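Since this is a predicted model, take the numbers as computed values, not measurements.
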Protein chains: 2
Amino acid sequence: MAEDSIRSHTGVGGASTINDVARLAGVSIKTVSRVMNNEPNVRQETRDKVQAAADSLRYRPNLLARSLAGSRSFLLALFYDNPNANYINDMQRGVIRRTRESNYHLLIEPQDSQAPDLAQRITNLLGTIRLDGVILTPPLCDMPVVLDAIEAAGVPYVRVSSVTAPERSATVAMNESKAAYEMTQYLLTQGHTDIGFVLGHPDHGASHLRHEGFRRAMDEAGLTVPPERVGQGYFSYESGVEAGDAILSAPTRPTAIFASSDYMALGVMTSARKLGLRIPEDISICGFDDVPGAMRIWPALTTIRHPAEALAYAAADILLCRETGEGAADAQQILPFRLIERQSVRKL
Amino acid sequence: MAEDSIRSHTGVGGASTINDVARLAGVSIKTVSRVMNNEPNVRQETRDKVQAAADSLRYRPNLLARSLAGSRSFLLALFYDNPNANYINDMQRGVIRRTRESNYHLLIEPQDSQAPDLAQRITNLLGTIRLDGVILTPPLCDMPVVLDAIEAAGVPYVRVSSVTAPERSATVAMNESKAAYEMTQYLLTQGHTDIGFVLGHPDHGASHLRHEGFRRAMDEAGLTVPPERVGQGYFSYESGVEAGDAILSAPTRPTAIFASSDYMALGVMTSARKLGLRIPEDISICGFDDVPGAMRIWPALTTIRHPAEALAYAAADILLCRETGEGAADAQQILPFRLIERQSVRKL
DNA sequence: CTGAAAGCGCTTACAG
DNA sequence: CTGAAAGCGCTTACAG
């Protein structure tokens, strides 16, 4: 036995295995397995003995071996196709905060939603790596071919900010429509009645919900929105500049513009500056998302805080609770948002 | 045989295995393995037969099983502790672009560089998952305890933008000092001689290199830099505002400020705006990094393009080439940068 | 409360 | 050019 334990210490790559621990503790590998997995039905004395052996050998169960033998891979994957680094970063942070609580790990799998072989790529991936769960963000979460491929592989998944087919999987989201509604009400409260709006990317469901919230608030206030007050954007800064140019070059100008994403709002700001307009003196501008840059400009941007990290945490939580059988993972979770009032909107 | 192949089609989770393919093709699993891995010494006829069987069963080799049996995990990990979402995003994109070429996957492992048990965390991680390589970014790449832990686990690693101990591993970087030198020369060319400088985070080696490049250019031009022209920053926007406030509140003002990161440059812009200064009419400002936001403001920021994605690709390439034994992975790779001239610096 | 056996799906070494 | 055997390091089901 002394020889064995010495042998198991042999340098780099000679990591100790369950066999080494079993030998040193004088038990079977099954007992070691029970102790390492905190299973019941092990005498405390035995448990201590095994733990001591494991500690002295610096034993770490091999995740790959556990995965192959067992039914879990301890791996989650995040699928996304989104150029917004902040959004992706928030998502990753939220998921990892949760996976670390359960000793899970995160694989990132950016996917080109335009790729003709998208479904095949996903099928290949899921066939190659046994994942315990997949988290989908827009626009992937609303693509039937994506959902079909994941379901065919039998992998659990949760969708973030999905706007379609709620019955197909658990989802987490914020109330986009309500947030846009409240932001519009805020503008009205500040005395603005002639308000421009910049639409988001038509492929993202949130765009339509935000637009809808804006319209509803305007309708309820008895206000109409002329077509020249609405610009088409695609969530990007550049598209915000263009939409801003379009709206601001109309014969008359609105007193405020609600861009349905912060990057577009920054674009509208640039458009306004190019025209020599002061913000917020000549034109009020507000956004949606609360990206870090929103408060890193002057004037800081009034916006809606999208709870991206919390959404990601919640999505991972649903997957991991299902895995361990704990708790009832809500089918459709709605997380709160917050209106962040800064300096880019003035009171008329 | 017919029965077998039917059995292997049994729905979700019933993915076909190497045994199914071997049975259907009428060969041993070893031969299937040879075909799937493109090994030599298989008759073309046999190869075709196996491939046909694999295709008809939609066979995908199980990565976990390959890892456990073989010496590769097909997994790379990116370790980082950096609040800059754009930088992280670029790194991930670069690494993934390369891993996909070799059917590898990427695990992301953000680490708290301040954690007292950082080394233990890394040791645990590397003991649990057999990784084929780790990519380290600042400041982790310059922490001896981190390098020690990875080396003790016998895992290959590459460091990005490391400034210490080049002999310990392969590294990829850009010439930070030269870039700062060239930017300073550019400012001099534009007629600026009284130039302020905002230092980066002292824990990041690049900060000192950038500062050194600035000093060298000023020295060579015979210009001295009074202490009140230099502000301490930490790469963040907020620190840029503070450093800008400090520099701009001196009795006299420089005509230009070189902030050694874009976020700090944006902070200096805000500081200047708060003081009622126009950019670049009253003060020229330039940055370093070329974050997306640098061109999404007005005036767009003159800066240095840090080749983050290319660095990440190169780092992954070194790891994967070593893995497959191809090519001589250069020990120290230097990638080119570019000075991006935009509107935030004016000619005096 | 504990263990011996089988097996997860592959690759490695060896044999022919 | 091809294959039978052993084994990677665990877990699952079963036995006692």
Side-chain angles (χ1 to χ4, degrees), chain A residues 4 7-8 13-50 53-54 57-75 103 127-130 132 323-324, chain B residues 4 7-8 13-50 53-54 57-75 103 127-130 132 323-324:
Chain A
D4 287 341
R7 189 161 56 74
S8 71
S16 52
T17 72
I18 197 171
N19 287 296
D20 300 322
V21 177
R23 219 175 290 132
L24 183 58
V27 298
S28 74
I29 61 167
K30 177 58 206 168
T31 298
V32 175
S33 174
R34 284 196 180 92
V35 174
M36 300 315 293
N37 291 303
N38 272 312
E39 286 172 26
N41 299 332
V42 181
R43 243 192 328 175
Q44 189 57 46
E45 192 189 339
T46 309
R47 200 178 286 277
D48 294 342
K49 196 169 54 180
V50 170
L57 292 173
R58 298 175 187 288
Y59 171 63
R60 300 263 85 209
N62 181 318
L63 200 97
L64 267 28
R66 295 180 76 185
S67 305
L68 188 58
S71 51
R72 302 197 291 171
S73 68
F74 302 93
L75 251 29
N103 288 311
T128 300
I129 306 198
R130 182 193 306 175
D132 286 347
E323 198 66 30
T324 57
Chain B
D4 287 340
R7 190 160 54 75
S8 72
S16 52
T17 72
I18 197 171
N19 287 297
D20 300 323
V21 177
R23 220 174 290 134
L24 183 59
V27 299
S28 73
I29 61 168
K30 177 60 207 166
T31 298
V32 176
S33 175
R34 284 195 180 93
V35 174
M36 299 317 293
N37 291 304
N38 273 312
E39 286 172 27
N41 298 331
V42 181
R43 243 192 327 176
Q44 189 57 45
E45 192 187 339
T46 310
R47 200 178 285 276
D48 293 343
K49 196 170 53 181
V50 169
L57 292 174
R58 299 176 188 290
Y59 171 63
R60 301 262 83 209
N62 181 317
L63 200 95
L64 267 27
R66 294 180 76 184
S67 305
L68 188 58
S71 52
R72 302 197 293 170
S73 69
F74 303 94
L75 251 28
N103 287 312
T128 300
I129 306 197
R130 182 192 307 174
D132 286 347
E323 198 65 29
T324 57

Can you tell me how far [atom2] of [Y] sits from [atom1] of [X], rounded to the nearest 0.5 angstrom?
X      : Y       : atom1 : atom2 : answer
L63(A) : I129(B) : CG    : CD1   : 5.0 Å
R66(A) : S71(A)  : CZ    : OG    : 10.5 Å
N62(B) : T17(B)  : CG    : OG1   : 9.5 Å

Considering every strand and a 4.0 Å limit on heavy-atom distances, what is the contact class for [X]: base, sugar-phosphate, or nothing?
X      : result
N41(A) : base
L64(B) : nothing
N19(A) : nothing
L63(B) : nothing
P40(B) : nothing

At under 4.0 Å, does any side-chain N or O of [X] touch on OP1 or OP2 of [N]?
X      : N       : answer
T31(A) : dG3(C)  : yes
R66(B) : dT11(C) : yes
T46(B) : dT2(D)  : yes

Want to settle it: does N62(A) or V42(B) sit nearer the 5' end of DNA chain D, counting the closest nucleotide to each?
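Counting from the 5' end, the first nearest nucleotide belongs to V42(B).
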Residue closer to the 5' end of DNA chain D, V27(B) versus A69(A) (nearest nucleotide):
V27(B)
Closest approach of A15(A) and D20(A), non-hydrogen atoms and distance?
O-OD2, 4.3 Å
Looking at dG9(C), does its base get a donor-acceptor pair with the side chain of R60(B) below 3.5 Å?
no
Is the base of dG3(D) touched by the side chain of R34(B) through a donor-acceptor pair closer than 3.5 angstrom?
yes
